[in-house]
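A short worksheet on the structure shown next.
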Amino acid sequence: MNLFETEFLFCILSGFFLFHSILRISDEWKRRELIFHWTTITGFGFFITESLLKWGIHSDIWNTDSIFGYITRSNLLLFLSYVALEERVFTLKPIQRFFVSVFLYLFWVGVLFGIQFFQTIILVQDNTFILPFSIALGAFIWSREMFWRFEKDGNSELGGDSVQLVYLSFLPAAFLILSPWKFEVSFYTKVANIFLYGIASHIGFQLVSKFKKESVTAESEIGIWIGAITFSSCLGTDVLIVLPLAFLSGIFGRLLYAYLSSLSWSEPSLRGVISFLFPSFLGIFLPFLLTEPKDWVHSPYVLLGVQTLYFLSFYLAGAFSFGIILLSKQK
């Protein structure tokens, strides 16, 4: 499969992110407005990027050289923009909703350039660069639970995992389109490993639910994200070593879910923190356990400092950006 075919495949796959977000919205007018925002932002972003190119301003990390690559990146950033606030965004006034959506989209574009900075200047131990997205998203979700509690009308259903969401098994791998390996054959092996780790953590997550005889909303989705994100930073380690650890990560994720639930956290925040912030924290420090010291990009103490800075930079950027958005919240 060549690069063009890969980008086309991942363009379709990334569209499932947006489809999944639409599925969670019950009101038709909200769906229409969200689609309008997404279409407008993607089209306007393409126009701006092409205009900058005419002026000689070009970036390898954000460009329109491949329309499928551009749409893939845009789909992923729109998905992250929606998950950061979810239906809280609809409590804002119409004009505020649009500008907040644009602000979030630009924030995630900024995260792309932050990744490039750590990748080329500082050097971090992270194979896929999924972690900055999950760290920043986790910061948004944690902050909104602390400062912007929001409950839907009516009771949320538990155990709503639908068979139609089986495609979620592949969604974490869509972020790999941003990786530097998409020109190599080994890219597909790494996609398969991401899938396996997600399935292993999902089994561990669901096993605890069976043992406790409690079902949670979207447990397949949460379980898959845990393994896929946690072990994305150390791809290349023997699969037989990682799979048991992925299984254990699913178990610990489910226990943390139960603990936060006992603190009366809202269901969307539980889902977000366990799916993104928890595994990204593990993923930051797992290379010390699973990567051979000869493959470390820095000496041990320097690497510890770099990895910690890596986590704090994107966490604080996400929390700061949420604080700016919080100023738009209706009193």
Side-chain angles (χ1 to χ4, degrees), residues 16-17 19-26 79 82-83 86-88 130 134 137-138 140-146 148-173 193-232 239-283 286 289:
F16 285 132
F17 277 96
F19 174 67
H20 180 49
S21 300
I22 291 291
L23 281 180
R24 285 206 167 114
I25 301 175
S26 55
F79 165 78
Y82 172 73
V83 175
E86 292 192 331
E87 294 200 35
R88 289 165 183 78
I130 294 173
S134 58
L137 184 58
F140 266 100
I141 295 171
W142 184 282
S143 300
R144 81 185 189 199
E145 179 65 20
M146 296 296 104
W148 195 348
R149 295 295 297 269
F150 175 78
E151 299 289 347
K152 290 184 180 179
D153 295 330
N155 297 322
S156 59
E157 269 182 46
L158 292 180
D161 255 354
S162 174
V163 176
Q164 66 180 343
L165 298 183
V166 171
Y167 65 77
L168 279 167
S169 304
F170 299 94
L171 291 188
N193 288 345
I194 286 281
F195 172 75
L196 285 176
Y197 302 154
I199 292 298
S201 62
H202 160 59
I203 293 172
F205 192 92
Q206 198 169 46
L207 186 65
V208 177
S209 292
K210 296 292 184 185
F211 180 77
K212 293 171 65 69
K213 296 181 179 179
E214 295 176 0
S215 60
V216 302
T217 305
E219 63 181 11
S220 294
E221 175 187 350
I222 299 171
I224 289 166
W225 278 114
I226 290 174
I229 292 176
T230 298
F231 299 95
S232 66
V239 174
L240 294 180
I241 295 176
V242 177
L243 285 179
L245 295 176
F247 177 77
L248 290 175
S249 71
I251 291 176
F252 284 119
R254 180 63 181 87
L255 294 175
L256 181 58
Y257 186 103
Y259 171 72
L260 293 179
S261 182
S262 69
L263 300 179
S264 300
W265 275 46
S266 64
E267 185 274 327
S269 295
L270 282 170
R271 187 176 66 241
V273 167
I274 303 302
S275 297
F276 301 109
L277 190 58
F278 165 69
S280 61
F281 180 80
L282 294 179
L286 265 181
L289 177 65

Side chain to side chain, P268 and E87, heavy atoms closer than 4.5 Å: no
How long is the span from the CG atom in L255 to the CG atom in L260, to the nearest 0.5 Å? 11.0 Å
From R271 atom CZ to W265 atom CH2, the distance as rounded to the nearest 0.5 Å: 13.5 Å
Where is the tightest heavy-atom contact between S264 and R149, given as atom of each residue plus distance? O-NH2, 2.9 Å
Value rounded to 0.5 Å, distance of CD in E145 from OG in S266: 4.0 Å
Counting C-beta onward and ignoring hydrogens, is there a side-chain heavy-atom pair between V83 and I141 closer than 4.5 Å? yes
Nearest 0.5 Å, what's the CD1-CZ distance between I241 and F231? 11.5 Å
Using 4.0 Å as the upper bound for N to carboxylate O, is an ion pair formed by E219 and K210? no
Determine whether a donor-acceptor pair (N or O, by modelled atom type, separation under 3.5 Å) exists between the side chain of S201 and the backbone of G223. yes
In Å, rounded to the nearest 0.5 Å, how long is the span from OG of S275 to CD1 of I222? 4.5 Å
Output the distance between atom OH (Y197) and atom CG (L243), rounded to the nearest 0.5 Å. 6.5 Å
Quick check against the 3.5 Å criterion: does S280 have a side-chain atom that pairs as donor or acceptor with the backbone of L277? yes
Can you confirm whether L289 sits close enough to L286 that some side-chain heavy atom of one is under 4.5 Å from a side-chain heavy atom of the other? yes
Side-chain contact, heavy-atom cut-off 4.5 Å: F205 with I274? yes
Side-chain contact, heavy-atom cut-off 4.5 Å: L256 with F252? no
Smallest separation among heavy atoms of S232 and I130, with atom names: CB-CD1, 3.9 Å
If you define the side chain from C-beta out and look only at heavy atoms, does anything of I226 sit under 4.5 Å from R254? no
Please give me the minimum heavy-atom distance between T230 and P279, naming the atom from each residue. OG1-CB, 3.0 Å
